[in-house]
Structures are given as C-alpha cells and as structure tokens.
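Okay, so here's the structure we're looking at.
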Amino acid sequence: MHQMTLAEIARGLADKKFSSEELTKVLLARITQLDPQLNSFISLTEELALEQAKAADARRANGESGALLGAPIAHKDLFCTQGIRTSCGSKMLDNFKAPYDATVVAKLAAAGAVTLGKTNMDEFAMGSANESSWYGAVKNPWNLEHVPGGSSGGSAAAVAARLLPAATATDTGGSIRQPAAFTNLTGLKPTYGRVSRWGMIAYASSLDQGGPLARTAEDCAILLQGMAGFDQNDSTSIDEPVPDYSASLGDSLQGLRIGVPKEYFSAGLDPRIAELIQNSIQQLQKLGAVIKEISLPNMQHAIPAYYVIAPAEASSNLSRFDGVRFGHRCENPANLIDLYKRSRGEGFGAEVQRRIMVGAYALSAGYYDAYYLKAQKIRRLVKNDFMAAFNEVDVILGPTTPNPAWKLGAKNSDPVAAYLEDVYTITANLAGLPGLSMPAGFVDGLPVGVQLLAPYFQEGRLLNVAHQYQLNTDWHTRTPTGF
Ligand code: GLN
C-alpha cells in the first residue's frame with residue numbers, strides 16, 4: 001500500500017479498494033517503525049490524521065470526489081498548523097503552537113488531505129543538508145551516511161522512503177529542488193507569488209515559495225493544484241487564475257525548445273552528473289524537443305548576491321524572535337538587553353546566528369550600498385539573463401546540483417562549501433521563476449536530479465515535460481533498499 005503514488009491512491013479511493021482511514025493507519029505504523037532511522041518527522045499528528053481520514057471517507061460516501069480527498073501528506077514544519085507545534089526546526093520555536101493554519105495548510109485540509117505530521121527541516125530553512133535542525137540531522141534513505149539535502153530534508157526523506165506519497169516544502173534558494181535531486185524525487189518551486197506565504201514562517205520573504213515534493217510530476221500536479229492560488233492575506237500573492245495542472249501533462253513535446261546554458265557545464269560539475277544530464281537531453285530530443293545552447297552570463301554572481309540578500313531579509317524577519325512575544329525565553333533575565341541577548345543566543349543555532357550577523361552587517365549604514373544594493377542590482381541582471389533566454393527557448397535544462405548528496409558532517413566546518421552547492425538553484429529564486437527537479441539517474445548509488453526552469457506561471461509546462469520524461473524513463477520508480 002505504501003508504494004502507491006498520490007494518483008494511484010486517488011484511483012484506489014475512488015474505486016473503493018481501500019479507505020483513507022485504512023491507508024492512514026498503514027502509513028502511520030510505517031512511520032513509527034522506520035522513521036527512527038531517518039528522523040524525517042519532528043511531530044506526528046496521529047489523532048488529527050485519523051480524524052481527517054474518517055471525515056474524508058464520509059465525504060466520499062456522500063458522493064464527493066477529488067484527487068486530494070483522503071490523500072495522506074505531511075507539512076514541512078514551517079507551515080503554521082493550528083494548535084500543533086510549528087518549530088521551524090529551531091529550539092526557538094520548540095514550544096510554539098501556531099494559533100492559526102497557514103493558507104496552504106487550510107487549503108489542503110479543505111480539499112480533504114490528511115496530515116500525518118510535521119517534517120524535519122534545517123533551522124529556519126537555512127541550509128542544504130538538513131543538519132542545522134535543532135531536532136537532529138535527517139538521513140538520506142538511499143544511504144544513511146549521507147545527507148538528504150535541505151532545507152526540506154524531512155519532507156524529502158519521508159517521501160523517498162515511502163513513508164507517505166507527498167509532502168509540502170519550501171524553496172528560498174533550492175530547498176525543494178535540491179532535496180528532490182538528492183533523494184530521487186520530483187519537486188517543484190512555483191513562480192514567486194503563485195502559492196500563498198501566509199502562515200509560512202519567513203526566512204527571506206522576497207525569495208521564499210512553497211511547493212510540492214512527490215515521486216512523480218503527476219503527483220506534483222495534484223498537490224500543487226491544492227496549494228496554488230491568490231490569497232489576499234499575502235501581499236505578494238498574485239491574482240492569476242490557476243490552470244488545471246493535470247490537464248496539460250499529456251501534451252506532446254514536439255517542437256519544444258529547450259535551452260541548455262553553456263555556463264552550467266563548468267569545472268565545478270561532477271562529470272558523471274554532466275553525463276546523466278546529457279542522457280536526459282537525448283531522451284527529451286527523442287520525444288521531439290529541440291535543443292539550443294544559450295548563455296546566462298551573470299550566473300557566476302548569483303551565489304554572492306543571494307548570500308547577501310537572503311541573510312539581510314532573514315536578519316529582519318528573525319528580529320521578531322526576541323523572547324518577549326513568543327518563542328524561547330531565557331531564565332531569570334537581569335534586564336531587557338540580557339533577555340534579548342540570552343533568549344536569542346540560546347534559541348538560535350550557529351547557522352542562524354551566522355546569517356543574522358551577515359545580514360545585519362550588510363544592511364548597516366555605510367555597508368548598505370556596497371553589499372545589499374549591489375546584490376539587488378545583480379539580482380536584476382540575473383533576471384534579465386533569463387528574460388533574454390526565454391525569448392529564444394521554452395524551457396531551460398541543466399543539473400539541479402553540481403554533486404550528489406555528501407556525507408553527513410562533510411561540510412559542517414566550511415559553510416561556504418555548502419553555499420557553493422546552490423549554484424544551479426538560487427538563480428530561479430532571485431528571478432522569481434518556477435523550477436522543477438526530476439530524477440535523472442544515479443552516481444555511486446546516490447540519486448541525481450535534472451532541473452527544468454520555465455517563464456513565469458509556466459508550472460504546467462514544467463510538469464508536462466517532466467511527466468513525458470517520466471513516461472519514458474524509470475529512474476523515478478526506483479526505491480531505496482530497506483524501504
Ligand atoms: N541552501 C540555501 C540556504 O541555505 C537555500 C535554502 C532554502 O531554499 N530554504 O539559504
């Protein structure tokens with residue numbers, strides 16, 4: 001039962017082969033049995049799940065239908081869930097029970113999805129390895145000595161290990177696509193503004209975007225359908241109609257123009273990954289796509305720009321965690337300054353503190369023009385590169401990451417080494433574009449992802465290309481041994 005995709009579950013529920021309650025019980029038991037190896041959940045919500053599953057079964061019995069009605073999912077632990085701990089992977093929010101549901105959580109619940117729990121993540125979504133969580137590192141089901149990627153590592157490991165079919169995640173600089181690549185999943189970061197950020201605890205507000213993590217493009221289409229849409233509670237939400245993402249999955253790729261940036265195949269890319277990307281290009285050519293070499297000349301400036309802008313926004317967003325209104329408060333503060341200092345010093349981990357300091361520095365008088373303003377100018381150049389490229393091509397293709405998942409602890413002493421691994425993903429966040437990662441093969445038994453980028457609001461095109469690719473390849477069907 002646990003091997004089923006969301007699409008298969010939807011069919012099974014519609015055909016009354018099993019009930020949502022039965023499926024939910026099977027998956028909860030599986031999580032209890034197997035998750036101790038992975039640490040992919042921070043909280044399990046068994047009671048809520050069984051309640052939601054029974055309600056979904058009752059709705060179906062009353063004639064309702066829908067692909068998400070009774071479908072088991074989990075939420076990354078930065079989506080606020082009313083009355084349930086929403087920790088953001090941090091000691092700071094270990095005791096925080098959200099007073100309301102995030103829009104994404106409320107929408108999926110209304111569609112009948114069943115929440116099995118809250119998944120582990122890098123603290124405040126800062127990281128690429130899921131090692132900065134206060135709740136401990138998450139392990140990669142493909143090799144328990146390796147990281148699952150981050151920051152949505154819990155959602156990725158849980159779905160890859162077949163603990164559940166799909167989960168929500170967020171992507172500020174790659175945190176949906178990179179863990180998807182590291183765990184053999186399909187993950188989609190939508191266009192900035194497509195999915196509401198209301199109730200999604202902010203890391204870098206101009207970059208953050210929620211999206212689906214699942215095994216197939218077909219399932220990402222189903223989950224995105226339940227997440228996307230205008231929300232007047234989010235001032236950057238865009239009032240643009242949501243297309244039927246499943247309807248375009250079957251479109252032919254005949255004549256699709258795929259751009260391959262020459263800058264992607266530089267020295268930093270593992271040659272074995274480069275070869276797998278070439279194979280995926282050939283596969284898409286067989287399906288009718290036309291390949292064109294393109295250039296993204298400002299790509300090399302994206303990492304430094306991102307690692308100024310993201311920490312700058314984080315330093316501002318995280319100033320609300322001061323020990324006064326919510327979150328961790330130190331014992332016996334001597335005065336207000338002592339309260340702030342010790343509450344924040346005790347509540348935040350090392351990576352979060354590093355980013356707050358970098359961000360506060362970049363925003364401070366005298367350095368603002370030199371760092372923050374310059375980074376914003378680079379951001380525009382990065383966007384302009386994409387706009388020029390999309391005049392010539394429909395989709396841009398390349399690797400999701402330069403290397404496969406590294407060993408736990410391998411980059412802990414050198415944060416910049418981890419930042420450099422984000423080279424292919426962060427440009428989409430800087431430009432606000434949608435991006436998808438899908439399975440493309442293995443290197444040393446570890447999964448490799450191919451990334452597709454598209455113009456604004458062309459999530460349907462990404463899902464279509466990925467679905468056609470998945471109809472003709474079987475990488476996404478491979479299961480990690482032991483799960
Ligand atoms: N690795 C990037 C960072 O640490 C991206 C994280 C994310 O997308 N949340 O900022």
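Whatever order the structure lists ligands and atoms in, that order sets their numbers, starting from 1. Nothing here was measured: the structure is a model prediction, and the numbers come from that model. Note: hydrogens, waters and symmetry copies are ignored here, and every other heavy atom, side chains too, is used.
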Around Arg380, counting heavy atoms of other residues, nucleotides and ligands shown, do more than 12 lie under 6.0 Å from its CZ?
no
May I ask you to say whether Glu421 pairs ionically with Lys411, meaning some side-chain N is under 4.0 Å from a carboxylate O?
yes
For ligand 1, protein residues within the heavy-atom limit of under 4.0 Å are Ala125, Met126, Gly127, Ser128, Ser151, Asp171, Thr172, Gly173, Gly174, Ser175, Tyr203, Tyr306, Tyr307, Arg355, Asp422
Non-neighbouring partners of Tyr368 that pass ring-ring contact (aromatic ring centres under 6.0 Å, His included), sequence neighbours left out
Tyr372
Are the charged groups of Asp171 and Arg177 less than 4.0 angstrom apart, N to O?
yes
Are the aromatic rings of Phe321 and Phe124 close, with centres under 6.0 Å apart?
yes
Tell me whether the centres of the aromatic rings in Trp198 and Tyr100 are closer together than 6.0 Å.
yes
